[in-house]
Student: 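Let me begin by handing over the structure; questions about it come next.
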Number of protein chains: 2
Amino acid sequence: MTENKKIITEEQKKLARYAKAMGHPIRMYVLNLLSSQSCCYSGDLTEILPVAKSTLSQHLKELKDAGLIQGETEAPRIKYCINKTNWQEAQYLFKKYLKI
Amino acid sequence: MTENKKIITEEQKKLARYAKAMGHPIRMYVLNLLSSQSCCYSGDLTEILPVAKSTLSQHLKELKDAGLIQGETEAPRIKYCINKTNWQEAQYLFKKYLKI
DNA sequence: GTCATTGTTCGTAAAATACCGAACAAATAT
DNA sequence: ATATTTGTTCGGTATTTTACGAACAATGAC
């Protein structure tokens, strides 16, 4: 087949990717926190959230990989913030597809 | 521990549940379709989408389990529609948490 | 240097997800 | 009654996700 049936759009894939990253209570909590306040340190989260620090680290990595947050070294800690560009894109896509 | 630290709210859990259901391109496609037009039959989707009908059936089941769509028997076919109540809740929650 | 702090990575295990084809059920049509 | 249509369920497999503790790096403090 030379022609490529693109039934599912790139936007839908992108949105699904963001949605997937948001699809866990802990990650949702972190996103909610970071979109409310400016930033936070993962140490703070470790104390509050009911998971091992290694597990939290994995969740943060997923949010990073999805592009929703970013971490900045502030030795010996790491400061996490929202990735504004991608967050705005996610906002736009959700808005568009949820018809909000 | 008698006291229960509820760090993660029920709303956040609910939103994560919806987001998880949206976290796959095929499910995103179906949701987008059903929120645009009124309804569709899964047979139509089977023809369009690049997955086996059994796989599609599973995806539809997940959307159903998450409460985002509902199926109505119209023998021998099944008509799928958006679950308006929960869809509205999802819209509300995304709007609130994404600050759209 | 040594110690403490912070967070990632590693190794492992259990559960969930994604996918397929085949078998099955339910209803209509012949 | 038999065949056809439609979609789910079953059995199986591969991959991904979630979770933990222990080990490891990197930095700052003493």
Side-chain angles (χ1 to χ4, degrees), chain A residues 5 7-8 12-13 15-31 33-34 39-83, chain B residues 1 5 7-8 12-31 33-34 39-83:
Chain A
K5 286 194 201 174
I7 286 83
I8 297 171
Q12 286 168 339
K13 286 183 194 171
L15 185 50
R17 182 77 184 83
Y18 286 136
K20 191 181 179 189
M22 294 169 69
H24 190 288
I26 286 185
R27 295 196 292 267
M28 200 60 240
Y29 174 87
V30 173
L31 282 175
L33 187 73
L34 289 185
C39 294
C40 81
Y41 298 94
S42 49
D44 307 340
L45 297 171
T46 310
E47 289 192 10
I48 293 171
L49 293 169
V51 284
K53 62 178 180 173
S54 55
T55 304
L56 178 66
S57 184
Q58 270 187 58
H59 284 301
L60 292 174
K61 182 173 173 359
E62 282 205 42
L63 288 173
K64 242 188 295 177
D65 290 348
L68 290 173
I69 67 170
Q70 56 197 161
E72 189 188 332
T73 300
E74 228 175 64
R77 298 183 297 173
I78 294 170
K79 192 174 72 174
Y80 281 102
C81 310
I82 282 283
N83 182 318
Chain B
M1 252 233 250
K5 287 196 205 172
I7 286 84
I8 297 171
Q12 285 168 340
K13 287 183 193 170
K14 232 179 216 175
L15 186 50
R17 182 77 183 80
Y18 287 135
K20 192 181 178 187
M22 295 167 69
H24 189 287
I26 287 185
R27 297 197 292 268
M28 200 61 239
Y29 174 87
V30 173
L31 282 176
L33 187 74
L34 290 183
C39 293
C40 81
Y41 297 94
S42 50
D44 307 340
L45 297 171
T46 310
E47 289 191 13
I48 294 171
L49 294 169
V51 283
K53 60 178 180 171
S54 55
T55 303
L56 177 65
S57 186
Q58 267 186 58
H59 284 302
L60 292 173
K61 183 173 173 357
E62 282 205 43
L63 288 173
K64 242 189 295 177
D65 290 348
L68 290 173
I69 68 171
Q70 57 198 159
E72 189 186 332
T73 300
E74 229 176 64
R77 297 182 297 173
I78 294 171
K79 192 174 71 175
Y80 281 102
C81 310
I82 280 285
N83 182 318

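Not measured: the values here are computed from a predicted model. A, B, ... follow the sequence lines: proteins, then strands. Residue 1 opens every chain.
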Student: Could you check A:K61 against B:T55 and say which one's nearest nucleotide on DNA chain C is further toward the 5' end?
Tutor: A:K61
Student: Which nucleotide span of DNA chain D, 5' end to 3' end, has atoms closer than 4.0 Å to non-hydrogen atoms of chain B?
Tutor: D:dT6 to D:dT9
Student: What's the separation between atom NE2 in A:H24 and atom NZ in B:K13, rounded to the nearest 0.5 Å?
Tutor: 11.0 Å
Student: Residues from residues 64-74 of chain B sitting under 4.0 Å of DNA chain C, heavy atoms only?
Tutor: none
Student: Separation of B:L56 atom CG from C:dA18 atom P, in whole Å?
Tutor: 13 Å
Student: Which atom names give the shortest non-hydrogen contact between A:L33 and A:C40, and what distance separates them?
Tutor: CD2-SG, 4.1 Å
Student: As an exercise, state the distance from CD1 of A:I7 to CD of B:E47, rounded to the nearest 0.5 Å.
Tutor: 11.5 Å
Student: List the atom pairs, with distances to 0.1 Å, where a side-chain N or O of residues 55-72 of chain B and a protein N or O form a donor-acceptor pair under 3.5 Å, not counting sequence neighbours.
Tutor:
residue: B:H59; atom: ND1; partner: B:R27; partner atom: NH1; Å: 3.0
residue: B:K61; atom: NZ; partner: B:D65; partner atom: OD2; Å: 3.1

Student: Base, sugar-phosphate or nothing for B:E62? Non-hydrogen atoms, less than 4.0 Å.
Tutor: sugar-phosphate
Student: Who are the side chain to side chain donor-acceptor pair (under 3.5 Å) partners of A:K20, not counting sequence neighbours?
Tutor: none
Student: What is the distance from CG of B:L60 to C1' of C:dC19, rounded to the nearest Å?
Tutor: 15 Å
Student: What parts of residues 15-29 of chain A reach DNA chain D, counting only heavy atoms under 4.0 Å away?
Tutor: A:K20, A:H24, A:R27
Student: Between the protein and nucleotides 5-7 of chain C, list the N/O to N/O atom pairs that are separated by less than 3.5 angstrom.
Tutor:
residue: C:dG7; atom: OP1; partner: A:S42; partner atom: OG; Å: 3.1
residue: C:dG7; atom: OP1; partner: A:I78; partner atom: N; Å: 3.4
residue: C:dG7; atom: OP2; partner: A:G43; partner atom: N; Å: 3.0
residue: C:dG7; atom: O5'; partner: A:S42; partner atom: OG; Å: 3.1
residue: C:dG7; atom: N7; partner: A:K53; partner atom: NZ; Å: 2.9
residue: C:dG7; atom: O6; partner: A:K53; partner atom: NZ; Å: 3.2

Student: What's the spacing between B:I48 CD1 and B:I26 CD1 if we round to 0.5 Å?
Tutor: 12.0 Å
Student: I'd like to check the side-chain contact (heavy atoms from CB on, under 4.5 Å) partners of A:K53; sequence neighbours left out, ordered by chain and number.
Tutor: A:T46
Student: List the atom pairs, with distances to 0.1 Å, where a side-chain N or O of residues 73-80 of chain B and a protein N or O form a donor-acceptor pair under 3.5 Å, not counting sequence neighbours.
Tutor:
residue: B:E74; atom: OE1; partner: B:Y41; partner atom: OH; Å: 2.5
residue: B:E74; atom: OE2; partner: B:K79; partner atom: NZ; Å: 3.4

